[in-house]
Amino acid sequence: MTDAALKDESQRPAEPAVLEDVPGWFWDHDRHSFDWFMGRQEKTGVTGNLLEMGAYLGRSAIVIGEHLQPGESFTVCDLFDSDAPDDENAAEMDTSYRKSLTRSAFEVNYLAFHEELPEIIQAPTSALAGGRIAAGTFRFIHIDASHLYEHVVGDLQVARVALQDQGVVVLDDYRSQHTPGVAAATWGAVFNHGLKPIMLTECKFYGTWGDPEPFQRDLLDRVDLASGCYLSSETLNGQQVLRMTGDSDGIGAFRPSRHHRRLAAEAARDEASQSRQAVQEEAARDLAARRARAAELRRPANVAKRAARDLLPPVVTSVIRRARRG
């Protein structure tokens with residue numbers, strides 16, 4: 001293999017065997033919640049397009065893509081390795097994920113679980129405004145792009161226009177200490193622009209500009225809800241808000257990628273090879289130690305000692321030893 005080929009091979013993104021191999025911040029409760037909301041839409045006959053603003057390396061996009069139905073589209077908008085539109089956004093990317101975020105890595109990860117890529121718009125999420133995507137045609141939108149207040153406000157405006165009446169919008173990092181801009185934009189939309197909260201998890205806000213009550217009723221009735229997910233209810237300015245807590249024991253694993261068997265077999269071969277190598281190295285160390293002991297015994301001084309011990313009478317040997325000890 002040429003040097004150039006070796007370099008290309010070393011830079012090729014690693015193929016994931018399971019969803020957890022895809023880097024990112026997308027935990028089991030939210031994976032289950034994504035499945036729950038989109039699954040409920042599908043069971044009740046709701047159709048519509050899917051959108052993710054900010055995808056990083058694809059962990060949440062892979063889950064959203066699992067719910068794509070015939071006749072629907074899935075759009076992913078992210079800068080990936082393009083330049084940010086302003087200095088603040090560039091500084092945010094440099095701090096968080098500039099070195100790891102590439103479009104090729106996203107595509108490798110996504111295609112490990114799906115046959116086709118979503119429609120990818122490699123641009124700032126502001127590019128979705130002004131009719132770039134059809135109004136009122138989306139049933140589920142995930143916002144996880146810039147954490148800057150002005151950008152999140154714009155993303156929410158795009159979502160409000162794009163969503164159907166009963167469409168669901170999800171915002172990431174709505175309460176993190178390092179993302180006050182997301183919190184301000186989220187609750188500003190709730191108190192000033194008609195966004196109604198459905199449910200909160202530790203990391204994400206689930207809401208709608210439609211009626212949240214049907215979603216909340218089914219959640220409280222535990223329709224298709226995993227056993228480890230617990231709900232509590234709060235009232236916020238006259239609106240009910242559910243909070244999800246608990247453990248992930250009852251949440252099933254996401255299906256493995258198409259590379260899973262091959263990668264598992266390769267890992268088993270590597271483990272067996274490493275085990276053989278460890279045995280060989282231990283045997284080599286043992287042989288080296290035995291050879292060192294044998295060489296020590298063959299030294300002239302040691303040979304003479306053994307001969308004296310074996311040939312001289314014990315009384316004479318004891319006298320010699322006492323004399324040497326002085």
Side-chain angles (χ1 to χ4, degrees), residues 25-27 29-34 36-38 40-41 46 48-54 60 64 77 88-89 92 124-126 128-129 133 135-221 225 229-246:
W25 306 269
F26 187 54
W27 316 121
H29 276 95
D30 287 305
R31 176 171 60 81
H32 177 52
S33 298
F34 275 42
W36 191 92
F37 278 97
M38 287 182 280
R40 183 188 182 279
Q41 290 174 330
V46 174
N49 299 325
L50 311 172
L51 171 64
E52 181 163 70
M53 300 189 223
S60 55
I64 296 173
C77 182
E88 266 191 298
N89 199 186
E92 180 186 21
T125 52
S126 58
L128 300 175
I133 55 176
T137 61
F138 289 79
R139 63 182 173 99
F140 189 90
I141 296 178
H142 180 215
I143 299 176
D144 187 14
S146 171
H147 296 141
L148 301 175
Y149 171 77
E150 296 80 1
H151 293 190
V152 184
V153 167
D155 292 344
L156 279 164
Q157 291 171 346
V158 168
R160 185 176 185 179
V161 172
L163 278 173
Q164 303 171 358
D165 289 342
Q166 286 300 107
V168 174
V169 62
V170 184
L171 289 112
D172 185 64
D173 278 335
Y174 75 99
R175 60 180 291 272
S176 297
Q177 184 182 32
H178 67 286
T179 58
V182 182
T186 300
W187 296 113
V190 169
F191 292 117
N192 301 315
H193 301 292
L195 178 61
K196 302 176 182 67
I198 301 172
M199 185 182 76
L200 309 175
T201 64
E202 183 178 357
C203 297
K204 296 186 188 290
F205 171 105
Y206 296 76
T208 181
W209 277 277
D211 183 3
E213 196 275 333
F215 298 103
Q216 293 174 333
R217 183 180 60 247
D218 283 354
L219 284 165
L220 290 170
D221 287 344
L225 200 64
C229 298
Y230 304 107
L231 295 170
S232 60
S233 179
E234 306 282 347
T235 300
L236 181 63
N237 196 30
Q239 298 183 53
Q240 179 174 238
V241 184
L242 301 183
R243 292 190 296 115
M244 178 185 285
T245 57

* Structure fact -> What one should report as the nearest heavy-atom pair of Leu195 and Gln239 is O-OE1, 4.3 Å
* **Nearest-0.5 Å distance, CG of residue Asp30 to OG1 of residue Thr201** => 3.5 Å
* Is any side-chain heavy atom of Leu219 less than 4.5 Å from a side-chain heavy atom of Trp36? -> yes
* Got Arg175 and Val182 here, is their nearest side-chain heavy-atom distance under 4.5 Å? -> no
* Could you please spell out the steps behind the side chain to side chain contact (heavy atoms under 4.5 Å, CB included) verdict for Phe138 and Ile133? => CA-CA 9 Å; Phe138 289 79; Ile133 55 176; 4.0 Å; yes
* Nearest heavy-atom pair of Gly246 and Tyr230: which atoms, and what distance? -> CA-CD1, 3.5 Å
* **Distance, nearest 0.5 Å, that separates OG1 of Thr186 from CG of Leu156** => 6.0 Å
* Go through the steps for Ile141 and Val168 under the test side chain to side chain contact (heavy atoms under 4.5 Å, CB included), then give the verdict. => CA-CA 6 Å; Ile141 296 178; Val168 174; over 6 Å; no
* Asked: Do the side chains of Ser33 and Tyr206 get nearer than 4.5 Å, heavy atoms only?
  -> yes
* Asked: Should the ring pair His142 and Phe26 be called parallel, tilted or perpendicular, given that the plane angle runs from 0 to 90° and is split at 30 and 60?
  -> tilted
* Is there side-chain contact between Trp27 and Glu202, with heavy atoms separated by less than 4.5 Å? -> no
* Asked: Is it true that a side-chain atom of Thr208 and a backbone atom of Gly210 form a donor plus acceptor pair closer than 3.5 Å?
  -> yes
* What are the two closest heavy atoms between Ala159 and Ile143, and how far apart are they? -> CB-CD1, 4.2 Å
* To do: Nearest 0.5 Å please: distance from the CD atom of Glu150 over to the CG atom of Asp155.
  => 11.5 Å
* To do: Might you work through the side chain to side chain contact (heavy atoms under 4.5 Å, CB included) test for Glu52 and Cys77, ending with a clear yes or no?
  => CA-CA 6 Å; Glu52 181 163 70; Cys77 182; over 6 Å; no
* Asked: Of all heavy-atom pairs between Ser60 and Phe34, which one has the smallest distance, and what is that distance?
  -> CB-CE2, 4.4 Å
* Could you tell me whether Asp165 atom CG has more than 12 heavy atoms of other residues or ligands within 6.0 Å of it? => no
* Structure fact -> Rounded to the nearest 0.5 Å, the SG atom of Cys203 sits from the CH2 atom of Trp25 at a distance of 11.5 Å
* Would you check if Leu200 and Leu242 make a side-chain contact, meaning some heavy-atom pair closer than 4.5 Å? => no
* Asked: By side-chain hydrogen bond (donor to acceptor under 3.5 Å, both in side chains), which residues pair with Thr245, not counting sequence neighbours?
  -> none
* To do: Measure the shortest side-chain to side-chain distance between Leu128 and Met53 over non-hydrogen atoms and say whether it is less than 4.5 angstrom.
  => yes
* **For Asp211, side-chain hydrogen bond (donor to acceptor under 3.5 Å, both in side chains) partners two or more places apart** => none
* To do: Report yes or no: do Gln41 and Arg139 form a side-chain donor-acceptor pair below 3.5 Å?
  => yes
* **Pairwise distance CD(Gln157) to OG1(Thr125) - rounded to 0.5 angstrom** => 11.0 Å
* Heavy-atom pair with the smallest gap, counting every atom of Asp172 and Lys204 -> OD1-NZ, 2.7 Å
* Asked: Can you find a heavy atom in the side chain of Trp209 that is under 4.5 Å from one in the side chain of Val169?
  -> yes
* Asked: If we only count heavy atoms from C-beta on, is the Phe205 to Pro197 side-chain gap below 4.5 Å?
  -> yes
* Asked: Side chain of Arg160, backbone of Ala189: donor and acceptor closer than 3.5 Å?
  -> no
* **For Gln216, all residues meeting side-chain hydrogen bond (donor to acceptor under 3.5 Å, both in side chains), sequence neighbours excluded** => Gln240
* Asked: Is the side chain of Thr179 donor-acceptor paired with the backbone N or O of Ser176 at a distance under 3.5 Å, no angle test?
  -> yes
* **Atom of Met244, atom of Leu225 and distance for their closest heavy-atom approach** => CE-CD1, 3.9 Å
* Indicate yes or no for a side-chain donor-acceptor contact from Tyr174 to the backbone of Ala185 under 3.5 Å, with no hydrogens or angles considered. => no
* Asked: Which word best sums up how the rings of Phe215 and Phe37 line up, parallel for under 30°, tilted for 30 to 60°, or perpendicular for over 60°?
  -> tilted
* Asked: Which distance, rounded to the nearest 0.5 Å, do you find between the CE of Met199 and the OG of Ser232?
  -> 11.0 Å
* Check the side chains of Ser146 and His151 for a donor-acceptor pair under 3.5 angstrom, ignoring hydrogens and angles. => yes
